Amino acid sequence: MPELPEVETIRRLLAEGRRGGPPLPGQRITGAQVLWERTVAEPDAALFVARVTGQEILSLGRRGKYLRLNLSRDVLLIHLRMSGDLWLEPLEEPPHRHHRVIFDLSSGYRLGFNNARKFGRLWLVEDPAPWLDKLGPEPLDEAFTVTDFYARLHPRRRRLKPLLLDQTFLAGLGNIYTDEALHRAHLHPLRIANTLTVQEAAALLDSIRFVLREGLRQNGASIDWVYRGGGFQNTFQVYQRTGQPCHTCGTPIRRIIVGQRSTHFCPRCQPLRE
DNA sequence: ACGAGCGCCTGTCGGC
DNA sequence: TGCCGACAGGCGCTCG
């Protein structure tokens, strides 16, 4: 589900009080409940509840697809995986049935970790470095240059699609934005990374940044019952457009499976060479 | 290093 | 209407 633009959109809305309740920073967690045990990866659920209760939310950050709630004592890391979301709702209302962990807040609202497919995870830790340090560069970080990107691509013999989905290579891309970026860069998803020229690497980084920024501008994509409200889905060029004409050349978009993931591309605009 | 297969889960959709 | 398979924005694991 959520990729970098969706996670960042949720972060912004929660930080700014535009997600159905007041801004999270400045609120105190007055209680918590774990409704699906496996959601809490660390520490165990009982300790998690005891330790998070009483802490104040100071600020919200993001690294790759991880949301980071900086609390007065600890850091709460949240990974939404396929279907996770964070909701604010008044305490008087009953919790939504897909909430897996809920936090009662001093403002009279509840923060619900909503997660139909139960893949999402929370970690309450003093130091998030062991998780975040494994991640590759932030694609939108201005300090990350084409030269850096080419240097990372060059030693790799993996196909572009699985490589771009690898969060230790680059942090934040998922299935939608990877397909869209490859299409925009005219690169075939099966192209081997170390065959790219510097110019192709530059085009790819440009395209990655373009589609991510466009997703952010549209408040993310929302292709089903999760994330209604995002507008990026209306600008998909290839994702979920199997058989429909390419907006550039009219050739039907093809769908193949790469690394067990659906992969969409235009066989004419993204030829496989070398 | 790399890829394939599988597990984790619930829900939706299309075909019969 | 009901049933059944395919599919879904992610990622960790094992095994070649």
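Only a predicted model underlies this, so the values are computations on that prediction, with no experimental measurement involved. Residue numbers begin at 1 in each chain, while the letters A, B, ... track the order of the sequences. Computed from heavy atoms alone, side chains included, the values below leave out hydrogens, waters and symmetry copies.
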Fit a plane to each ring of [X] and [Y], take the angle between them on a 0 to 90° scale, and name the class: parallel (under 30°), tilted (30 to 60°) or perpendicular (over 60°).
{"X": "W123(A)", "Y": "Y66(A)", "result": "tilted"}
{"X": "Y239(A)", "Y": "F236(A)", "result": "perpendicular"}
{"X": "H99(A)", "Y": "W87(A)", "result": "perpendicular"}

- Kindly point out which of dA8(C), dA1(B), dG3(B) is positioned nearest to the side chain of R156(A)? dA1(B)

- Query: Considering only dT10(B), dG10(C), dG3(B), which nucleotide approaches the side chain of M82(A) most closely?
  - Reply: dG10(C)

Gap between atoms [atom1] and [atom2], on [X] and [N] respectively (whole Å):
{"X": "L165(A)", "N": "dG12(C)", "atom1": "CG", "atom2": "C1'", "result": "15 Å"}
{"X": "R97(A)", "N": "dT10(B)", "atom1": "CZ", "atom2": "C1'", "result": "9 Å"}
{"X": "N175(A)", "N": "dC7(C)", "atom1": "CG", "atom2": "C1'", "result": "12 Å"}
{"X": "Q240(A)", "N": "dG14(B)", "atom1": "CD", "atom2": "P", "result": "12 Å"}
{"X": "N114(A)", "N": "dC9(B)", "atom1": "CG", "atom2": "P", "result": "16 Å"}
{"X": "L164(A)", "N": "dC2(B)", "atom1": "CG", "atom2": "C1'", "result": "15 Å"}
{"X": "N115(A)", "N": "dG10(C)", "atom1": "CG", "atom2": "C1'", "result": "11 Å"}
{"X": "L153(A)", "N": "dC2(B)", "atom1": "CG", "atom2": "P", "result": "11 Å"}

- In this structure, SG of C266(A) is separated from CZ of R254(A) (nearest 0.5 Å) by 10.5 Å

Can you check whether [Y]'s main-chain N or O pairs, donor with acceptor, with [X]'s side chain at less than 3.5 Å?
{"X": "E89(A)", "Y": "G20(A)", "answer": "no"}
{"X": "T168(A)", "Y": "G136(A)", "answer": "no"}
{"X": "R191(A)", "Y": "Q270(A)", "answer": "no"}
{"X": "S83(A)", "Y": "R117(A)", "answer": "yes"}
{"X": "E138(A)", "Y": "A171(A)", "answer": "no"}

- Task: Assess whether one donor atom and one acceptor atom, taken from the side chain of R117(A) and the base of dA8(C), lie less than 3.5 Å apart.
- Result: yes

- Message: Could you tell me how far dC7(C) sits from dC6(B) if I compare only their P atoms? Round to whole Å.
- Response: 15 Å

- Query: Can you tell me how far P in dG5(B) sits from the matching atom in dA6(C), rounded to whole Å?
  - Reply: 15 Å

- Counting Watson-Crick and G-U wobble pairs whose two distances are both under 3.5 Å, find the runs of 3 or more in a row that involve DNA chain B. B:2-8 with C:10-16, B:10-16 with C:2-8

Taking only the side-chain nitrogens and oxygens of [X], find out if one of them lies under 4.0 Å from OP1 or OP2 of [N].
{"X": "H79(A)", "N": "dC11(C)", "value": "yes"}
{"X": "K118(A)", "N": "dC8(B)", "value": "no"}
{"X": "H98(A)", "N": "dG11(B)", "value": "yes"}
{"X": "S83(A)", "N": "dC9(B)", "value": "no"}
{"X": "R158(A)", "N": "dG3(B)", "value": "yes"}

- Task: Establish, from distance only, whether the side-chain atoms of N70(A) and S59(A) form a donor-acceptor pair under 3.5 Å.
- Result: yes

Protein-nucleotides 4-6 of chain B N/O pairs under 3.5 Å:
{"from": "dA4(B)", "atom 1": "OP2", "to": "R159(A)", "atom 2": "NH2", "distance (Å)": "3.1"}
{"from": "dG5(B)", "atom 1": "N7", "to": "Q260(A)", "atom 2": "NE2", "distance (Å)": "2.6"}

- Message: Heavy-atom nearest nucleotide on DNA chain C for R261(A) versus R255(A): which residue maps closer to 5'?
- Response: R255(A)

- Task: Find out whether the Lys NZ or Arg CZ of R152(A) is both under 6.0 angstrom from the six-membered ring centre of F169(A) and within 45° of the ring's axis.
- Result: yes

- The answer to which of F119(A) and L163(A) contacts DNA chain B further toward the 5' end, by nearest nucleotide, is L163(A)

- Message: Using a 4.0 Å heavy-atom cut-off, does R121(A) contact any base of the nucleic acid, only the sugar-phosphate backbone, or nothing at all?
- Response: nothing

